[in-house]
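Note sheet for the following structure.
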Amino acid sequence: MSEVSELKLNLITAISSSDQEEIVASLLYSQGCNIIYRAITLDGLTKFLSELKTLVSVLYSKEFGSQAELTKLIKVFKQHNFIEIDDRFDPLSLISNLAGITRPALLQQLVRLDNLVTVIGSPDSPGISTITNHLAIELSASLITSNHHNLRPLGLSKVNQISASELGKTLEKFGKDQLIIDGGSTTSLTKMLADRRVNAQWLSQSINCSRYLVYIVKSGENGMTYLSEFISDFNNLINAPMLICVLNQQRFDRYGQVIQKRFNDLASSYPMFALPYDIGAIRAMNSPQSKFKFWRNSAFSNQIAKIGNHLK
């Protein structure tokens, strides 16, 4: 699919099967396409197209409406390109068809900011928010979380809660100040981006705007499995941010050394850092400043400083 490595299209999905839509959306995101609307009903699709000011391609399934309804829709909005997706669609043929379409400009062109870092982690990785708190202090950065975010540990940096729909334009208000986004956990980026829910929109905006993406995994078998899946999926992204891999809660026994080697093998193409297990690092976030300064002499803080230097 290298022929469409620069593919940037405005697309709409109107696929009745959520499973099939997820497959199609994952494919489209992996090729750099921009899904601007996922229709759930025919009325909703009609209303959206009526208000649209730019040309798009609509990927639809024949089950999305009756034949008469779909025929009428295509006739009314004949300025747009309609592509039927059946149960046995061929990904290569679909991408080939899309590659022949004139590439319109994105409705919302997100700008990648040199001063923005997004931190995410595997589903079983504790300490994503704690590490984000420490990095924010190390970089003297402002913290950004979504307004739908679960409760997170308090830190010494100010936390700005922003909705997914407002993230792109709100980032401009911070100017050149260093920013860190607490993006939460995820396994597969393309599957997450294909999701209809607000978490997907938040993650998509964060990744598209960030210069760096920090991915954290817990030291253990599950962490290595998640890391392997994540890196394999990350390699499918077009124009992705620079990736940094972090092994959290590293231990120094024989088992820990085995995990460390696997981590090094999996993440060898990217900058890697390992954070030792340190309960004091967690407690330091809610400690008085004097205690916090004492903590900063630990091995954990030294690794945080190294990550911070790489992000500057």
Legend entry - side chain to side chain donor-acceptor pair (under 3.5 Å) assessment of Thr13 paired with Glu21: CA-CA 7 Å; Thr13 59; Glu21 188 206 33; 2.9 Å; yes
Legend entry - Glu229 backbone acceptor or donor facing Asp233 side chain under 3.5 Å: no
Legend entry - Presence of salt bridge, Asp265 and Lys261, under 4.0 angstrom: yes
Legend entry - Parallel, tilted or perpendicular, as decided by the 30° and 60° cut-offs, for the rings of Tyr37 and Phe48: parallel
Inset, instruction - Give a yes or no answer on whether the side chain of Ser26 reaches the backbone of Glu22 with a donor-acceptor pair at less than 3.5 Å. - result: yes
Inset, instruction - To the nearest 0.5 angstrom, please state how far the CD1 atom of Ile259 sits from the CG atom of Leu247. - result: 8.0 Å
Legend entry - side chain to side chain donor-acceptor pair (under 3.5 Å) between Glu69 and Ser66, intermediate numbers included: CA-CA 5 Å; Glu69 290 172 328; Ser66 67; 3.2 Å; yes
Inset, instruction - Apply the test side-chain contact (heavy atoms from CB on, under 4.5 Å) to residues Phe252 and Gln260: give CA-CA distance (whole Å), side-chain angles for both, the deciding distance (0.1 Å), then the verdict. - result: CA-CA 9 Å; Phe252 298 96; Gln260 174 75 63; over 6 Å; no
Legend entry - Heavy-atom donor-acceptor pair, Glu138 side chain to Ile304 backbone, under 3.5 Å: no
Inset, instruction - Could you tell me whether the side chains of Gln257 and Asp253 share a donor-acceptor contact shorter than 3.5 Å? - result: no
Inset, instruction - Mark yes when over 12 heavy atoms from residues, nucleotides or ligands other than Lys78 sit less than 6.0 Å from its NZ; otherwise mark no. - result: no
Legend entry - Donor-acceptor contact present, side-chain Ser61 to main-chain Ser16, <3.5 Å: yes
Inset, instruction - Specify whether Phe82 and His80 have parallel, tilted or perpendicular ring planes, treating 30° as the upper limit for parallel and 60° as the lower limit for perpendicular. - result: perpendicular
Legend entry - Any Gln250 side-chain heavy atom under 4.5 Å of Phe263 side chain: no
Legend entry - Side chains of Arg112 and Pro241 in contact at under 4.5 Å (non-hydrogen atoms): yes
Inset, instruction - Evaluate the ring planes of Tyr215 and Phe230, with Trp represented by its six-membered ring, and classify them as parallel (under 30°), tilted (30 to 60°) or perpendicular (over 60°). - result: parallel
Inset, instruction - For Arg251, look at atom CZ and say whether over 12 heavy atoms of other residues, nucleotides or ligands are found less than 6.0 Å away. - result: no
Inset, instruction - Would you check if Tyr60 and Ile15 make a side-chain contact, meaning some heavy-atom pair closer than 4.5 Å? - result: no
Legend entry - From Ile162 atom CD1 to Ser146 atom OG, the distance as rounded to the nearest 0.5 Å: 10.0 Å
Legend entry - Asp114 (side chain) donor-acceptor with Lys176 (main chain) under 3.5 angstrom: no
Legend entry - Check: Ile216 and Ile131 side chains under 4.5 Å, non-hydrogen atoms: yes
Legend entry - Note, Leu179 side chain near Val117 side chain (heavy atom, < 4.5 Å): no
Legend entry - Side chains of Asp182 and Ile144 in contact at under 4.5 Å (non-hydrogen atoms): no
Inset, instruction - Say whether, by atom type as modelled, one donor and one acceptor occur between the side chain of Asn160 and the main chain of Leu143 under 3.5 angstrom. - result: yes
Legend entry - Crowding at CD, Gln67 (>12 non-hydrogen neighbours, <6.0 Å): no
Inset, instruction - Return yes if some donor-acceptor pair links the side-chain N/O of Gln20 with the main-chain N/O of Asp86 below 3.5 Å, else return no. - result: yes
Inset, instruction - Please confirm whether the backbone N or O of Glu221 pairs with a side-chain atom of Thr225, one donor and one acceptor, at under 3.5 Å? - result: yes
Legend entry - Close side-chain approach of Ser219 to Tyr277, heavy-atom, < 4.5 Å: no
Inset, instruction - Please lay out, stage by stage, how Ser142 and Asp177 fare under the test side chain to side chain donor-acceptor pair (under 3.5 Å). - result: CA-CA 7 Å; Ser142 297; Asp177 294 343; 5.3 Å; no
Inset, instruction - Go through Leu49 and Ile12 one step at a time and tell me if the side-chain contact (heavy atoms from CB on, under 4.5 Å) criterion holds. - result: CA-CA 10 Å; Leu49 290 175; Ile12 293 175; 3.7 Å; yes
Legend entry - Minimum side-chain heavy-atom gap Leu113-Leu171 below 4.5 Å: yes
